[in-house]
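See structure below.
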Amino acid sequence: MPHSDHVQIAPAEGKLGILVPGMGAVTTTFLAGLEAIKRNLAKPIGSLTQLGTVRLGKRTEGRSPAIRDLVPLAKLEDLEVGCWDIFEDNAYEAAVKAGVLEMPLLEQLKDPLSAFKPMKAVFDQNFVKRLNGPNIKTGGSKMDYAEMVMDDIRQFQERTGVSRMVMIWCGSTEVYHQSAEVHASLKNFECGLQNNHPEISPSQIYAYAALKSGIPYANGAPHLTTDMPGLTELSRTMGVPVAGKDYKSGQTFMKTLVAPGLKSRMLGLNGWFSTNILGNRDGEVLDDPGSFRSKEVTKSSALEYILQRDLYPDLYSEYYHKVRIEYYPPRGDAKEGWDNIDIFGWLGYPMQIKINFLCRDSILAAPLMLDIVLFLDLARRAGMRGVQEWLSFYFKGPLHAPEVYPEHDIFIQLMKLKNTLRWMAGEDLITHLGLEYYD
Ligand SMILES: NC(=O)c1ccc[n+]([C@@H]2O[C@H](COP(=O)([O-])OP(=O)(O)OC[C@H]3O[C@@H](n4cnc5c(N)ncnc54)[C@H](O)[C@@H]3O)[C@@H](O)[C@H]2O)c1
């Protein structure tokens, strides 16, 4: 039985608005999935919030409720989605172009998908070199654009009658930029918005508009957004949770499954070469070196943190890690990833592991998007603010407090997520000690 009531969670009453900058492959796959699930045409495969359970108490108690019965999550039928994109295509047209889902399913969903029409985007080609589109806001300072987005949000709320909202970035990956002076405090950032500072990106303008409106923000891409002091300060002063960054969907998901296993057996690593071919618009944007650099950083950091070379110099001090993404149009969204892993064991004897993952990027990412928005809404109703480290499970580059390293090991991430849910529900945390069974 729950033993504490210290986390007060407001009920998930009314509708939840999901605000999405970027209506491309992932977003349209997500939207089509929601519509298909609501019509009983499909099941929410890949979604922890819809299919996952949490074990409570001792193993002898046999209590494993569904996550959605343990904590109050918004229901799928209560979701309303609003998107921005630089192209005018509605979600049906965008889904056809993205080429992820097959036409017979899309035809069944044509009416509801055609109803999603993107709002005019905040766009700056300095941040996404390979794209240009007509559906963009013009004529204003960066602060004016933030206010236009806040207006869009207010109008969306009036139109749909949602009681709460969450924003999640599903737009293209922006060029790699590090946090600069203009990001160092909220004051600097707001001055920068007024003065059109060149280091402020469109994604940061959307995030500012969301946080200023009291709306949680998640970043599904690898570029710099809320992971800077200015916007972190805003999320804390507004009492709003943030999460990110970069969905951990394909190759990095595999990497964070395998690397903790190798380390658990004290097997050494000489090298890890990862390469991908992919031919969707995301692949085209990532063909630009600036956008690729953002991805390379989040894709590369997981191994460093999991393997802890400082603690295990005999095993991991000298490994070579290389990550490549090659744009290859014939493959579309059906990405193929190869990993060649050179490991060594007892007496230094070398061995190899090869992983060939024929995945579908957006099919893997869409359920993550669903879980992230539902959990961020839950966190908001539970009074949690700032960085939500318990959602690291979903990201290649988890946001974290400055004084701790990010946790990349997927098994630790899952334990952290489930323990956070137990804590919210006032249940005992699970330590896996288990001595009581053998007293
Ligand atoms: N699919 C995955 O598995 C996966 C994994 C991790 C991260 N991501 C990231 O998620 C994002 C979306 O991926 P995707 O495959 O849907 O890409 P996509 O190229 O199909 O869609 C991105 C959309 O964003 C739009 N866009 C670009 N800049 C915008 C702006 N400023 N405002 C509004 N819209 C804008 C583009 O026009 C495009 O329609 C990418 O950044 C990608 O790197 C995807």
Side-chain angles (χ1 to χ4, degrees), residues 17-24 27 81-90 116-160 165-177 179-219 221 223-235 237-238 240 242 285 290-291 294:
I18 304 177
L19 299 164
V20 196
M23 201 174 75
T27 305
V81 185
C83 304
W84 292 266
D85 204 286
I86 67 170
F87 297 106
E88 287 160 339
D89 294 339
N90 65 42
F116 293 103
K117 300 197 170 70
M119 297 176 270
K120 282 190 190 307
V122 179
F123 187 66
D124 177 350
Q125 219 188 359
N126 290 318
F127 284 88
V128 183
K129 308 261 189 238
R130 298 278 156 106
L131 288 187
N132 209 350
N135 195 36
I136 57 177
K137 298 187 193 303
T138 50
S141 68
K142 293 189 175 183
M143 185 59 101
D144 292 330
Y145 289 139
E147 276 160 14
M148 290 180 207
V149 173
M150 287 189 252
D151 267 349
D152 290 345
I153 294 173
R154 276 189 290 272
Q155 284 172 26
F156 170 82
Q157 185 163 25
E158 278 164 23
R159 198 167 62 241
T160 56
M165 288 173 272
V166 171
M167 187 183 285
I168 184 161
W169 176 271
C170 233
S172 307
T173 298
E174 295 176 337
V175 165
Y176 181 70
H177 280 242
S179 186
E181 196 50 37
V182 70
H183 303 121
S185 69
L186 182 56
K187 188 160 165 270
N188 289 9
F189 188 77
E190 289 184 329
C191 280
L193 284 172
Q194 304 280 9
N195 303 331
N196 269 332
H197 197 289
E199 288 289 322
I200 295 183
S201 66
S203 68
Q204 292 162 14
I205 296 175
Y206 286 103
Y208 175 81
L211 299 178
K212 200 77 187 164
S213 312
I215 296 172
Y217 184 91
N219 184 8
H223 51 242
L224 181 78
T225 306
T226 59
D227 44 335
M228 55 140 118
L231 288 181
T232 306
E233 190 184 327
L234 182 59
S235 72
T237 50
M238 293 299 299
V240 179
V242 291
V285 168
S291 291
S294 295

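The shown structure was predicted, so the numbers you read here are calculated from the model rather than taken from an experiment.
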Scanning both residues in full, the closest heavy-atom pair of D89 with P118 reads O-CD, 3.1 Å

Ignoring hydrogens, what is the shortest heavy-atom contact between E181 and N188? Give both atom names and the distance. O-ND2, 2.9 Å

Hey, could you give me the CG/NZ distance between N196 and K142, rounded to the nearest 0.5 Å? 6.0 Å

For the residue pair D85 and G24, what are the closest heavy atoms and their distance? OD2-N, 4.1 Å

Which of these, L211, I168, L231, sits in a side-chain contact (heavy atoms from CB on, under 4.5 Å) with Y217? L211

Distance col, row E88:CD vs I136:CD1, nearest 0.5 angstrom, shows 10.5 Å

So, E199 versus H177: side-chain donor-acceptor pair below 3.5 Å or not? yes

Distance (rounded to the nearest 0.5 Å) between S172 OG and F123 CZ: 7.0 Å

How long is the span from the CD atom in Q194 to the CG atom in D144, to the nearest 0.5 Å? 8.0 Å

Check this for me, if you would: do D151 and K137 make a salt bridge, where the nitrogen-to-carboxylate-oxygen distance has to be below 4.0 angstrom? no

Do you know which two heavy atoms are closest between A146 and A209, and how far apart they sit? O-CB, 3.6 Å

Tell me, do M148 and K120 make a side-chain contact under 4.5 Å, heavy atoms counted? no

Please report the closest heavy-atom contact between V175 and K129, naming both atoms and the distance. CG2-CG, 4.3 Å

From D227 CG over to H183 NE2, what is the distance, rounded to the nearest 0.5 angstrom? 9.5 Å

What one should report as the nearest heavy-atom pair of E174 and H223 is N-ND1, 2.8 Å

4.5 Å side-chain heavy-atom contact, W84 and V149: yes

Verify, without hydrogens or angle tests, whether N90 (side chain) and K117 (backbone) share a donor-acceptor contact under 3.5 angstrom. no

Decide yes or no for P134 and F87: does some side-chain heavy atom of the first lie under 4.5 Å from some side-chain heavy atom of the second? yes

Can you tell me which residue pairs pass the ring pair (Phe, Tyr, Trp, His ring centres under 6.0 Å) test with a partner in residues 185-204, sequence neighbours excluded? F189-Y208

Option from N219, T225, D124 for which side-chain hydrogen bond (donor to acceptor under 3.5 Å, both in side chains) with S203 holds: T225

Mark yes or no for whether T232, through its side chain, and T226, through its backbone, hold a donor-acceptor pair below 3.5 Å. yes

So how far is it from Q155 CD to M150 CE, rounded to the nearest 0.5 Å? 13.5 Å

Taking the side chain as every heavy atom from C-beta outward, state whether P198 and N126 have any atom pair closer than 4.5 Å. no

